[in-house]
Amino acid sequence: MQSVALAALCVFLPLGVARADDPAPAAPPSSKAAAPHFTPKQVLSDGSVTVRGQKIDYQAASGTLVVHPRGWNDSDSADGKNPSAEASMFYVAYFKKGVRPENRPITFVYNGGPGSATVWLHMGALGPRRVVTANDTHTDAAPYKLINNDDSLLDATDLVFIDAPGTGFGRIAGKDANKEFYGTDPDAYAFTNFISQFLARYNRFQSPKYLFGESYGTTRSAILANELASEKQIDLNGVILLSQILDYDNSVDEPENNPSVDQPYVLALPTYAATAFYHHKLPGTAPTDLRAFLDEVERFSLGDYNAALQQGTALSEADRDRIADRLYQYTGIPAAYWRKARLRVNGGEFAQTLLGADSMDTGRLDSRFAGFAIDPLSQRPEYDPMNASMASAYLSAFNDYARRVLHYDDAGPTGGDFLEYKASANNIREWAFKHQLPHVLRASNGAPNVLPDLAAAMITNPKLHVQLNQGFFDLGTPYFEGVFEMRHLPIPASLAGNVEIKQYQSGHMVYANQEALHQLHDNAADFIRRTDNESAASTAPVRN
């Protein structure tokens with residue numbers, strides 16, 4: 001593949017104008033001098049990428065925007081009522097040259113976590129360069145190979161990769177900063193603030209607009225789609241979801257802590273079956289057609305298996321044995337194990353057990369991966385073999401790319417302390433999962449369910465389209481869970497056609513499989529081109 005050519009045109013802008021060759025300004029005598037991360041910045045560079053044989057010249061803008069919690073007032077009032085917390089959110093944006101901005105779609109991209117940076121989608125899927133990793137095994141250590149990304153979405157849309165508060169080169173500060181940004185609703189408000197601010201600073205209000213979120217990023221997208229419309233009067237053309245979780249009561253991570261809710265087991269079973277199929281652990285004559293096999297498992301899941309679980313302790317021993325035998329046929333996990341587990345095996349138990357005879361665990365985010373068990377007697381894996389296989393490649397590649405290619409250095413051309421790029425805020429233990437649903441007066445405690453948020457966005461904007469992309473081998477957000485949720489969006493039946501679902505023989509990070517990445521690009525690009533309303537765009541001067 002042709003490598004990406006990037007000419008260094010390094011400009012560091014505190015969103016005023018300060019070029020690299022300008023004399024260093026004196027630091028202002030204010031508290032900001034001690035916290036330079038909280039002044040908006042921008043570095044510009046030029047580059048090109050070749051996608052499907054088409055060369056695309058672009059300008060890259062990397063920098064930070066500063067956002068505040070809900071309730072902050074941008075007036076200069078000194079009444080002391082404004083929250084002091086603030087977040088400097090890092091982003092990298094790519095703008096295609098030679099096009100009219102209002103004709104050109106723009107897509108805001110982010111990973112999930114919660115509390116994850118967007119290095120994964122940036123370096124593995126959609127950006128102009130892609131780090132090469134092994135398909136289903138551990139990637140060799142450095143040096144890592146960064147190549148032209150033939151599957152970048154820059155052929156269809158401008159891209160803005162946004163790192164969540166407290167991640168990337170961004171930071172949070174001020175009183176109660178963790179409380180003000182680390183939670184379902186505070187996080188969504190920060191992203192709403194960022195997107196509206198970005199559209200204003202780069203004059204993109206007229207552009208067709210899209211969200212592309214992965215994992216917890218799909219939770220965020222559901223809230224964002226509604227909040228952008230209801231709070232900022234910004235309608236979206238489309239929402240692209242990757243590895244969805246919108247109702248956390250459907251999670252197969254420790255559902256035993258929520259007894260009487262058996263839905264997670266039902267929705268995870270097809271992924272267990274796909275994993276057993278991949279690792280050749282199905283008993284008897286293995287099926288040859290994965291999709292046909294999963295169709296059969298899905299019917300059993302919603303039918304006999306669901307009915308058995310609903311009976312609880314009233315289920316007869318004969319029926320329990322019959323269901324356990326079927327579960328063995330579909331998963332390779334012995335019937336005796338299923339009986340001992342009362343027919344309920346969570347995701348961690350499955351990942352630990354399927355290859356347990358070889359003291360191996362499967363991956364959680366991508367169950368095609370496998371790794372040696374740290375404790376073969378544990379109930380669940382101590383680490384994720386998939387994450388361990390790829391994290392070093394992604395972080396090493398981005399750290400090199402950000403400094404050497406994008407020329408982003410948070411200290412600026414005058415020098416300063418090194419600033420770490422944080423892949424995670426490591427804030428899951430303090431994350432507030434409370435969520436206030438649309439048209440509800442108070443936030444609710446417990447696991448969030450943002451199906452009503454996405455439904456509200458679709459009802460108030462009936463032309464909003466949604467594309468769900470999912471991998472069969474995802475134990476983190478099992479694919480059938482996403483299908484189930486889309487079928488249960490509280491929307492009129494006439495809007496159901498606005499939702500489309502694309503599936504891949506890959507895992508949570510669908511793009512970890514190169515063939516699946518190729519398909520993901522084609523599906524997402526086609527979705528954007530079908531929904532961007534380009535024919536209605538005005539004829540303004542092109543961007544040089």
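All heavy atoms count here, side chains included; hydrogens, waters and symmetry mates do not.
Within a 6.0 Å sphere centred on CD of Q310, other residues, nucleotides and ligands contribute more than 12 heavy atoms. More than 12 heavy atoms of other residues, nucleotides or ligands shown are found within 6.0 angstrom of NZ on K232. Within 6.0 Å of CG in N203 there are 12 or fewer heavy atoms belonging to other residues, nucleotides or ligands. Other residues, nucleotides and ligands contribute at most 12 non-hydrogen atoms within 6.0 Å of the NZ atom of K422. Counting non-hydrogen atoms of neighbouring residues, nucleotides and ligands closer than 6.0 angstrom, the CZ atom of R291 exceeds 12 such neighbours.
Of the possible donor and acceptor atoms, one in the side chain of S152 sits under 3.5 Å from a partner among the backbone N and O of L126. Checked by atom type and distance alone, the side chain of T167 pairs as donor or acceptor with a backbone atom of A164 at under 3.5 Å. Checked by atom type and distance alone, the side chain of R344 pairs as donor or acceptor with a backbone atom of L309 at under 3.5 Å. At least one donor-acceptor pair closer than 3.5 Å links the side chain of T219 to the backbone N or O of I245. R70 places no side-chain N or O within 3.5 Å of a backbone atom of E180 that could act as its donor or acceptor partner. Remark: the backbone N or O of R364 is paired with a side-chain donor or acceptor of D384 at under 3.5 angstrom.
Aromatic ring orientation, F90 versus Y421: perpendicular (interplanar angle above 60°, classes split at 30° and 60°). Relative orientation of the Y210 and F527 rings is perpendicular, given thresholds of 30° and 60° on the angle between their planes. The aromatic rings of F95 and Y202 lie tilted to each other, with the angle between the two planes from 30° to 60°. In this pair, Y401 and F398 present their aromatic rings tilted. The plane angle is within the 30 to 60° band.
Atom CG of N103 is separated from atom CD of Q206 by 10.0 Å, given to the nearest 0.5 angstrom. A distance of 9.5 Å separates OH in Y216 from OG1 in T218, rounded to the nearest 0.5 Å. Separating the CH2 atom in W431 from the CG atom in D187 is a distance of 4.0 Å, to the nearest 0.5 Å.
Between N135 and Q514 the shortest side-chain heavy-atom distance does not fall below 4.5 Å. Looking only at side-chain heavy atoms (C-beta outward), N346 and R380 come within less than 4.5 Å of each other. Contact of the L475 side chain with the T362 side chain is registered, since non-hydrogen atoms from C-beta on lie closer than 4.5 Å. Residues Y278 and S367 fail the side-chain proximity criterion, which asks for heavy atoms closer than 4.5 Å. Taking the side chain as every heavy atom from C-beta outward, F205 and I234 approach each other to under 4.5 Å. R129 has its side chain out of reach of N149: every pair of non-hydrogen atoms, C-beta onward, lies at least 4.5 Å apart. Side-chain contact between Q352 and D361 is present, with at least one heavy-atom pair separated by less than 4.5 Å. Side-chain contact between K463 and N533 is absent, with no heavy atoms from C-beta onward closer than 4.5 Å.
Of all heavy-atom pairs between N427 and P114, the closest is OD1-O, 3.5 Å. Closest heavy-atom contact between N111 and L121: OD1-N, 3.1 Å. In terms of heavy atoms, N513 sits closest to S506 at CB-OG, 3.4 Å. Contact detail for A274 and F473: the closest heavy-atom pair is O-CE2, 3.1 Å. Considering all non-hydrogen atoms of both residues, M390 and A512 come closest at CE-CB, 3.9 Å. Contact detail for Y182 and G166: the closest heavy-atom pair is OH-CA, 3.6 Å.
Applying the ring pair (Phe, Tyr, Trp, His ring centres under 6.0 Å) test between Y330 and each of F300, F350, W338 identifies F300 as the sole match. Tested against Y91, the residues F194, F108, F161, Y110 include a single ring pair (Phe, Tyr, Trp, His ring centres under 6.0 Å) partner, F194. Of the residues E481, H488, Q263, Q244, the one that meets the side-chain hydrogen bond (donor to acceptor under 3.5 Å, both in side chains) test with N250 is Q263. For the side chain to side chain contact (heavy atoms under 4.5 Å, CB included) criterion with L468, the lone passing option out of E500, K502, M486 is M486.
Checking D366 against H508 by side-chain atom types alone, no donor-acceptor pair falls below 3.5 Å.
R104 and D158 are joined by a salt bridge, as a carboxylate oxygen and a charged side-chain nitrogen come within less than 4.0 angstrom of each other. With respect to R529 and D155, a salt bridge is recorded, a charged nitrogen being found less than 4.0 Å from a carboxylate O.
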